[in-house]
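Data first, discussion second: the structure below is written as structure tokens.
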2 protein chains.
Amino acid sequence: MASVTLKDVAKVAGVSYATVSRAVSGSPEISEETRRRILKICKEMGYTPNSIARSMVKRCTNILGLIVPSLNNPFMSELTADLEIYARNRGYNLMACNSSYDHDLELEVFSLLIGRQVDGVIMIPVGHEPYESLSALTKQVPTVFISENMQDYPENYVSVDNYRGMQIATEYLFSLGHRDILYFGARSDSKTHELRLDGYLSSCEKLGMTPHVLRSTYSRSSREVGYALAGEYFSRPHQETAILCSADMLAIGVKQAAYEAGIRIPKDVSLMGFDNISFSALPEIDLTTINQPTQQMATSAVDMLLDHIRDPEAERTNLILPPSLIERKSCRSVRA
Amino acid sequence: MASVTLKDVAKVAGVSYATVSRAVSGSPEISEETRRRILKICKEMGYTPNSIARSMVKRCTNILGLIVPSLNNPFMSELTADLEIYARNRGYNLMACNSSYDHDLELEVFSLLIGRQVDGVIMIPVGHEPYESLSALTKQVPTVFISENMQDYPENYVSVDNYRGMQIATEYLFSLGHRDILYFGARSDSKTHELRLDGYLSSCEKLGMTPHVLRSTYSRSSREVGYALAGEYFSRPHQETAILCSADMLAIGVKQAAYEAGIRIPKDVSLMGFDNISFSALPEIDLTTINQPTQQMATSAVDMLLDHIRDPEAERTNLILPPSLIERKSCRSVRA
DNA sequence: ACAAATAACGTAAACGTTTGCGTAAAACAA
DNA sequence: TTGTTTTACGCAAACGTTTACGTTATTTGT
């Protein structure tokens, strides 16, 4: 596994290894003739530049760290895929780490990535705890959040407009004739979910509806959480005609619980999600939801991060992308 | 962003930087007293070891490369998550790259990872092309495949027993009374899918059934592919009572097409998948399938790779894990 | 034709670690 | 005591690049 280095090539080519370096790195300080000759020798000898050594002297690794709560959630795995592909096209590799929805682990892998000398980190934060320890980390490396959780941080972030998204959802259900809408959400320690809830509440007020809110004690928006909480809900008396979930995965869990409780969707109750994961489009799920423009979020996050890396003094910019309604078959009109 | 180095710490502590190195790296050649003193100073100064520099001299990066066709497939994203978490617990970070089901890209990112000086790579190959260019790469870095595609390669691999898995599936459908089973699979240039098909064929022969095979021209086992191919199938006359798919995602696409064609599952036709992705457990999907022990595959792949890294001369070992039947509601008994 | 500018390449330092070797002091054995 | 081993540390080379600077040969300007 011993690899061939610049020196080996230089010896064969009969030049100094600085010249070889210039040949492979595309420096102008070299004649086209020798460049071609050296490049040919490189091919023959199977030379691959050692990016570790390069990182050493250039003081940048062209590696981006990614901290993501989970890859089991399709929203996040699709986002991760988009991030990786786009970053690679821009010359950066991604070092992805699962935080497993764990706050301490989140911080731990962050400093691990710093030790790895990543040029920047993209973080999808678990929630919003007192983050004094996080800001100590973000000070050490350019960071962008994909989330609205971090509004009180000086770092850039990109996100869908959660507040507006839930307004759109609420207004849509209202337009279908629903007047008793249950908001079904994850724990509120996250700004993201706070904004979604506020969007719902504001629309309720504007439209003259009484809000009904049911929230999980978990911050995790998983199918299991939705299933458990909805099972409890369905077992007790309830009069809401629609359930608005703060995440598609929650809605899918709700649907499962509804199914087992003999409640039909959308016949007995309408159901909405938020995220628009690909599975929501399945005819068996067919979930009306609010779309997050994941691809644009991914490219923008990378762009913003790279800008920040190139110019650390530049002002921070935030990007709030517009959500959109994806109308499917999980909601029915209850007009008289 | 200028970080504090060994020298900075050494200057403050009044020792040589070799001593500081020994303190932080846990060398025995140092007294407990000075170690504690230096470590305290490290904390105070916020010193983080530069792993790039360490990699430089130790000639290993503690980074593993991962090449995966797609993260949109839950089977692969769950596998990726398991790989990352387990690798990190063993002291390695993962650099994951999407090959996007593209053969050339697969090779391209492989050499990119080699340039990154990864200590090893885990690859979920797209298929099985004439891989003379791949073996040139695997010679340069320890590799393990998660797939049965690479049996003629000298590298280790870990996989579920695809052949046996499809036998189990076929026997199960037979036991329910099915005698006309359609095998619905991805393109055959992949050894994995060849083995699955062979498992089906062998069981057909053993049980005295005539095999019916329908194969996609795509190697990608996506919902879209299953949907398209099944749409075509349902639009023509057909008499099979069960459809056995080579992947859950295909089966989900088939289910969608069946739904739109007005064909009920399992009333009109039974449906089976292969993989046991988490979504198959949803009551709306409820797909009977063959389980792949992903977690064990992940840990074994990492273990095998690390063994290979520590002892490059060791003999290669392959690990074929047993599949198991997950019985759900997508198949019905057609006994008389 | 001669000075000045430029092009092409070599020299060597630097990036932040680890580690083999050397050495002085401390500990131990006799 | 003296000799030997051990402990704890410093010195300096090495890992494979990049790049500022120096130098020579060539080109350009007048």
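These numbers were taken from a predicted model, which means no experiment stands behind them. All heavy atoms count here, side chains included; hydrogens, waters and symmetry mates do not. Chain letters run A, B, ... following the sequence lines, proteins first and then strands; every chain starts at 1.
- A/Thr34 comes within 4.0 angstrom of sugar-phosphate atoms only, judged by non-hydrogen atoms across all strands, and of no base.
- Residue B/Ser31 places at least one side-chain N or O closer than 4.0 Å to OP1 or OP2 of D/dC9.
- To the nearest 0.5 Å, atoms OH (A/Tyr157) and OG (A/Ser147) are separated by 9.0 Å.
- At a threshold of 4.0 Å, the pair A/Arg37-A/Glu33 does not count as salt-bridged, since none of the basic side-chain nitrogens sits closer than that to a carboxylate oxygen.
- If you measure from atom CZ of A/Arg35 to atom P of C/dC9, you get 10 Å, rounded to the nearest angstrom.
- With 3.5 Å as the limit, one finds a donor-acceptor pair spanning the side chains of A/Thr19 and A/Ser16.
- The nearest whole Å value for the distance from the CD atom in A/Glu29 to the P atom in C/dA5 is 18 Å.
- By the salt bridge (Lys or Arg N to Asp or Glu O under 4.0 Å) test, B/Arg88 is found to be paired with B/Glu84, residues two or more places apart in sequence or in another chain being considered.
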Next on the checklist: For a quick check, with a 4.0 angstrom heavy-atom cut-off, what is the B/S/- contact string for nucleotides 14-19 of chain C, read 5' to 3'?
Outcome noted: -BBBBB
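- When every heavy atom of B/Pro154 is checked against every heavy atom of B/Arg316, the shortest pair comes out as O-CG, 2.9 Å.
- Separating the CD1 atom of B/Ile30 from the C1' atom of D/dT6 is a distance of 16 Å, rounded to the nearest angstrom.
- The interatomic distance linking B/Glu33 (CD) with C/dA25 (P) rounds to 17 Å, in whole Å.
- A donor and an acceptor atom, one from each side chain of B/Thr34 and B/Ser31, are located under 3.5 Å apart.
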